[in-house]
*Asks:* 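This is the structure I have questions about; it appears just below.
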Amino acid sequence: MDLVRKWVQALFFLVTNGYWNFPLTRGIYQGPLKVICSPGLNCYSCPAATSYCPLGALQQLLGGIRLAIENGQFYVGFYVIGAMGAIGSFVGRMVCGWACPFGLFQELLHKIPSPKFGIWRPLRYMKYLILLFMVILLPLFAVDAFGLGSPWFCKYLCPAGTLEAGFPMLILQPSLRANLGLLFYNKVFFLVFFLAWAVLASRPFCRTACPLGAFYALFSKIKLVKLRLDPEKCTHCKACHSVCPMGVHFNESPEDMECISCLACSKACNFNAITLEIGGVAVTNQRPCRPEKAFPQHQ
Amino acid sequence: MTPKKKKSRTQKIRIAPFVAIFIFLVCGAIGISLGEPSRVLEQARQVCLSCIGIG
Ligand code: SF4
Ligand code: SF4
């Protein structure tokens, strides 16, 4: 299953970054596909990006809300929130596990041999604060003399933007380098920090700082596609704990907001206690129980 | 619990996700009727200097 997931991740990476003409045009893709929402964190100023980043678009709409309304245009974010909410209600954080290019990148970094560490659990709440303040409240209320807000998350934190748009655009358009300053070095610091952390711990950005993951996590109880625990089959052997890349103890918290539906626990469970369901109907095959099998260890 | 009852409990269809998907699709449709996609497209076609880290 992990191989299937890797292929799906690669496919989403290629589909959301499918514009390979950028070395010739030395600019970003500007075609009509950019009206489609990228499910995962994928900067729309990446030269290869073919869809819009929901977080970037939402912050821009919220930041420009006053000017738009003054001009009689009620651009308040319905279209973007509708797309994000529909994706969230459908699969929730499965996007993080299966369709996010930055999630894939962190997983690959974590394969580099090094000592591995866990992540202090309360840090998970930081991403909800980042969603609330940097994506919603500050773009909406911290406005300049013209009534325009800034995309705070993109401007001060987003490591995907620095990696996918910052460095490639500075290479493609050398004239942009004249504007390098503190803002850029601050973003490079966060990029290096999260990439180094990803070598040592599993998916640190997803677990502590990603506002898109935080938004999708809000759907963990009601999403259509989710994992289900059969408490009658669970023996509390804890095999599901050690394989989880998000630090979830599935048998203790089957609707955990951190779960990215990677299915690693379902595969590791030798008692068929964890199944995938769609809208309440189980879809994964029941395997024979293998209580004697040794369990693989994660992190 | 009889096996039949157990099966019906485990296979019960959940309505909440369908309601949520419908609500957000309506939300998206309102955005489309207000012309938001053209604004989103306009933004997505420009290089975002904030994303790069220079503006
Ligand atoms: S691996 Fe299966 S049986 Fe063991 S604790 Fe997890 S859910 Fe229960
Ligand atoms: S709980 Fe299971 S499906 Fe969810 S992230 Fe952990 S291993 Fe993956």
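Computed from a prediction, not measured in an experiment: that's the story for all the values here. Just so we're on the same page: letters track the sequence lines, and every chain starts at 1.
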*Asks:* As an exercise, state the distance from CD of A/Gln173 to CD1 of B/Ile52, rounded to the nearest 0.5 Å.
*Replies:*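 So the gap between those two atoms works out to 7.0 Å.
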*Asks:* For A/Ala86 versus B/Phe24, what's the shortest heavy-atom pair and its separation?
*Replies:* N-CB, 3.4 Å
*Asks:* Considering only heavy atoms and a distance below 4.5 Å, find which of A/Leu176, A/Leu182, A/Val80, A/Leu163 pairs most often with chain B.
*Replies:* A/Leu176
*Asks:* Looking only at heavy atoms, what is the nearest atom pair of A/Leu183 and B/Gly55, with distance?
*Replies:*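 Scanning both residues, the minimum pair turns out to be CD1-O, 3.7 Å.
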*Asks:* Please check this pair: side chain of A/Ser45 against backbone of B/Val47, looking for a donor-acceptor N/O pair closer than 3.5 Å.
*Replies:* no
*Asks:* Side chain, backbone, both or neither: which part of A/Cys43 has a non-hydrogen atom closer than 4.5 Å to chain B?
*Replies:* side chain
*Asks:* What part of A/Phe167 is in contact with chain B, defined as an atom under 4.5 angstrom from a non-hydrogen atom: side chain, backbone, both or neither?
*Replies:* neither
*Asks:* Where do B/Phe18 and A/Leu224 come nearest, in terms of heavy atoms and distance?
*Replies:*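 Between these two residues, the closest heavy atoms are CZ-CD1, 3.5 Å.
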*Asks:* For B/Ser38, which atoms come within 4.5 Å of any heavy atom of chain A: side chain, backbone, both, or neither?
*Replies:* side chain
*Asks:* Apply side chain to side chain contact (heavy atoms under 4.5 Å, CB included) to B/Leu41 and A/Gln30, showing your working.
*Replies:* CA-CA 8 Å; B/Leu41 194 56; A/Gln30 296 183 316; over 6 Å; no
*Asks:* Looking only at heavy atoms, which of residues 64-73 of chain A get nearer than 4.5 Å to chain B?
*Replies:*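 Within residues 64-73 of chain A, no residue comes under 4.5 Å from chain B.
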*Asks:* Go through A/Ile278, A/Val225, A/Ile222, A/Ile81 and name the one with the most non-hydrogen pairs under 4.5 angstrom from chain B.
*Replies:*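 Sorted descending by pairs with chain B, the first entry is A/Ile222.
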*Asks:* Taking only residues at least two apart or on different chains, which pairs with a member in residues 20-39 of chain B satisfy salt bridge (Lys or Arg N to Asp or Glu O under 4.0 Å)?
*Replies:* B/Arg39-B/Glu42
*Asks:* With heavy-atom distances below 4.5 Å as the criterion, would you say the side chains of B/Val40 and A/Gln60 are in contact?
*Replies:*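 No, their side chains stay 4.5 Å or more apart.
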*Asks:* Tell me whether A/Lys187 contacts the main-chain N or O of B/Ile54 through its side chain, where contact means a donor paired with an acceptor under 3.5 Å.
*Replies:* no
*Asks:* Enter the distance from B/Ile32:CD1 to A/Tyr79:OH here, rounded to the nearest 0.5 Å.
*Replies:* 5.5 Å
*Asks:* Looking at A/Tyr44 and B/Cys51, what are the two nearest heavy atoms and their distance?
*Replies:* CE1-SG, 4.2 Å
*Asks:* Of the listed residues (A/Cys46, A/Cys154, A/Gly161, A/Ala49), which shares the most heavy-atom pairs with chain B below a 4.5 Å separation?
*Replies:* A/Cys154
*Asks:* Indicate the atoms forming the closest heavy-atom contact of B/Ala44 with A/Ile28, along with that distance.
*Replies:* O-CD1, 3.6 Å
*Asks:* Can you name the nearest heavy-atom pair linking A/Lys223 to B/Arg14, along with the distance?
*Replies:*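 So the two residues come closest at O-NH2, 2.9 Å.
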